[in-house]
S.K.: 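The structure is given below, and queries will be raised subsequently.
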Amino acid sequence: MEIFTTKSALSGYLTSFKNEGKKIAIVPTMGALHNGHISLIKLAQEYADLIICSIFVNPTQFTDPKDLEKYPRPIEHDLAMLQASGCNGVFMPEIDEMYPKNEDKKWHIDLGNAEFLLEGAFRKGHYQGVTQIVKKLFDAVKPDVAMFGQKDFQQVLMIKNMVAHFKLPISIITCPIIREEDGLAMSSRNIHLSATDRENSLVLSKSLQYVIDNFDNFSLEELENKAKSYYLNIDGVELDYFTIANGDTLEAAKSKDENNLVALVAAKVGSTRLIDNMIIRQ
Ligand code: AMP
């Protein structure tokens, strides 16, 4: 497995593969890797000949400086996991490599109204930061395929809108959510959960599963209210939102007959903010 810290070294390495007509996949991550990330690498192997994983904790997508500061960075562990996964190359640039000091810092693109809903409402400017760094990574790698997790449902939508905005010839693949055995969606942030938080964290997957299991029995309003009631009276858990939304617009679903329906949740468990979702119908 090759390791690169500069865009020029990376593109030098990739040129010969591109000339041979090989397909390249990118798996963008912020590191602190777990089996969710590795599932993206594995799935990428079905779509491409060469897999590049990027590890970059992107400052422009953090709205809370403390969250950025405490983001875990276990690089030796990450490299060992990637090596074992069959990943071909790792791109792990320093901040200046992605955001040169002399660069025009302005970035703003129209991502549609969904940018401002759900996560966008709680983390202002988050998706501008996400799309900015992903565009930079796409420019550096020029991949044929890019893998993203359904875990960050809204992020996939924003990336697809960015790709459409620039008319990039890149296929965006959405990968299923990988969960712990008890249902908690894997996340780099789970490491911050105390033992009590870890128990409490199950409320996210349980409330989502309730909606999936009972979808045919109740109205949308009843389903949402019942799911929200899971969060009452749990000390140390604060619900940000629970919604059954249209998966294309992220607007609250108006009818149970809509084609693309997803239940999405965000909650603070202790001091850790967790998100999760389950697709009801695609
Ligand atoms: P992150 O390092 O958190 O930015 O995540 C990098 C990529 O891994 C994103 O596309 C995430 O959606 C994806 N990802 C994170 N957690 C999971 C999970 N539990 N299952 C599947 N994909 C995930």
Side-chain angles (χ1 to χ4, degrees), residues 26-30 36-37 39-40 57-58 60-64 67-68 71 107-135 137-138 146-166 168 170-179 184-190 201 204-205 207-208 211-212 220 224 227-228 238-254 258-269 272-282:
I26 183 168
V27 180
T29 81
M30 297 203 298
H37 296 111
S39 75
L40 270 55
V57 183
N58 174 41
T60 68
Q61 72 189 67
F62 282 80
T63 38
D64 175 1
D67 189 23
L68 173 61
Y71 203 84
W107 166 274
H108 190 273
I109 62 168
D110 183 0
L111 292 167
N113 189 52
E115 176 191 350
F116 309 109
L117 305 175
L118 307 180
E119 287 307 289
F122 282 87
R123 307 175 73 187
K124 299 253 181 300
H126 174 64
Y127 291 113
Q128 292 298 328
V130 168
T131 51
Q132 178 182 32
I133 190 62
V134 171
K135 173 69 162 58
L137 291 167
F138 284 179
M147 318 301 288
F148 293 91
Q150 181 206 315
K151 163 86 178 9
D152 298 276
F153 190 94
Q154 190 170 6
Q155 171 168 280
V156 182
L157 198 65
M158 295 296 104
I159 301 288
K160 285 183 175 168
N161 289 354
M162 182 273 281
V163 164
H165 177 93
F166 290 109
L168 302 177
I170 302 173
S171 304
I172 303 300
I173 308 294
T174 310
C175 310
I177 302 176
I178 304 300
R179 298 178 179 280
L184 175 66
M186 290 189 182
S187 164
S188 305
R189 289 188 168 87
N190 292 351
S201 69
L204 278 84
S205 55
S207 58
L208 289 166
V211 170
I212 300 291
L220 286 173
E224 266 186 21
K228 284 179 187 167
E238 198 183 306
L239 181 64
D240 279 350
Y241 59 79
F242 189 105
T243 182
I244 299 174
N246 179 290
D248 295 318
T249 63
L250 299 184
E251 305 271 359
K254 292 185 183 66
E258 285 174 40
N259 270 336
N260 192 348
L261 286 178
V262 58
L264 302 118
V265 64
K268 243 177 140 193
V269 179
T272 308
R273 193 166 177 283
L274 301 177
I275 59 171
D276 198 353
N277 67 82
M278 288 187 193
I279 291 172
I280 300 165
R281 182 187 306 128
Q282 241 163 353

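Since the model is a prediction, treat every value here as computed from it, not as a measurement.
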S.K.: Spell out, as yes or no, whether a donor-acceptor pair under 3.5 Å connects the side chain of Asp110 to the backbone of His165.
M.R.: no

S.K.: Verify, without hydrogens or angle tests, whether Trp107 (side chain) and Gln128 (backbone) share a donor-acceptor contact under 3.5 angstrom.
M.R.: yes

S.K.: Is the shortest side-chain heavy-atom distance between Ser205 and Arg179 below 4.5 Å?
M.R.: yes

S.K.: Between Thr174 and Lys160, what is the shortest heavy-atom contact and its length?
M.R.: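 Smallest interatomic distance, heavy atoms only, reads OG1-NZ, 4.0 Å.
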
S.K.: Please list, one pair per line, the donor and acceptor atoms closer than 3.5 Å that link side chains of residues 243-250 to other protein atoms, with sequence neighbours excluded.
M.R.:
from: Asn246; atom 1: OD1; to: Asp248; atom 2: N; distance (Å): 2.7
from: Asn246; atom 1: OD1; to: Thr249; atom 2: N; distance (Å): 3.2
from: Asn246; atom 1: ND2; to: Glu258; atom 2: OE1; distance (Å): 3.0
from: Asp248; atom 1: OD1; to: Asn260; atom 2: ND2; distance (Å): 3.0
from: Thr249; atom 1: OG1; to: Glu251; atom 2: N; distance (Å): 3.1

S.K.: In this structure, is the centre-to-centre distance between the rings of Tyr71 and Phe62 below 6.0 Å?
M.R.: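 Distance test on ring centres: under 6.0 Å, yes.
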
S.K.: From His126 NE2 over to Gln154 CD, what is the distance, rounded to the nearest 0.5 angstrom?
M.R.: 8.0 Å

S.K.: Please identify each residue that fulfils side chain to side chain contact (heavy atoms under 4.5 Å, CB included) with Thr272, with sequence neighbours left out.
M.R.: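 Side chain to side chain contact (heavy atoms under 4.5 Å, CB included) check on Thr272 returns Arg189, His192, Leu193, Leu274.
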
S.K.: Say whether, by atom type as modelled, one donor and one acceptor occur between the side chain of Asn277 and the main chain of Gln150 under 3.5 angstrom.
M.R.: yes

S.K.: Are the side chain of Asp240 and the backbone of Ala266 linked by a donor-acceptor contact shorter than 3.5 Å?
M.R.: no

S.K.: Using a 4.5 Å cut-off on heavy atoms from C-beta on, say whether the side chain of Asn161 contacts that of Tyr127.
M.R.: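 Answer no - side chains too far apart.
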
S.K.: Would you say that Met162 contacts Val130 through its side chain, given a criterion of any heavy-atom pair below 4.5 Å between the two side chains?
M.R.: no

S.K.: Determine whether Leu40 and Thr29 make a side-chain contact, defined as any pair of heavy atoms from C-beta on separated by less than 4.5 Å.
M.R.: no

S.K.: Does Lys228 form a side-chain contact (heavy atoms from CB on, under 4.5 Å) with Leu239? I'd like the steps, not just the answer.
M.R.: CA-CA 8 Å; Lys228 284 179 187 167; Leu239 181 64; 3.8 Å; yes

S.K.: Do the side-chain N and O atoms of Gln155 and Glu119 include a donor-acceptor pair separated by under 3.5 angstrom?
M.R.: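 Not at all, the side chains of Gln155 and Glu119 share no donor-acceptor pair under 3.5 Å.
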
S.K.: Parallel, tilted or perpendicular, judged at 30° and 60°: which one describes the rings of Phe138 and Phe148?
M.R.: perpendicular

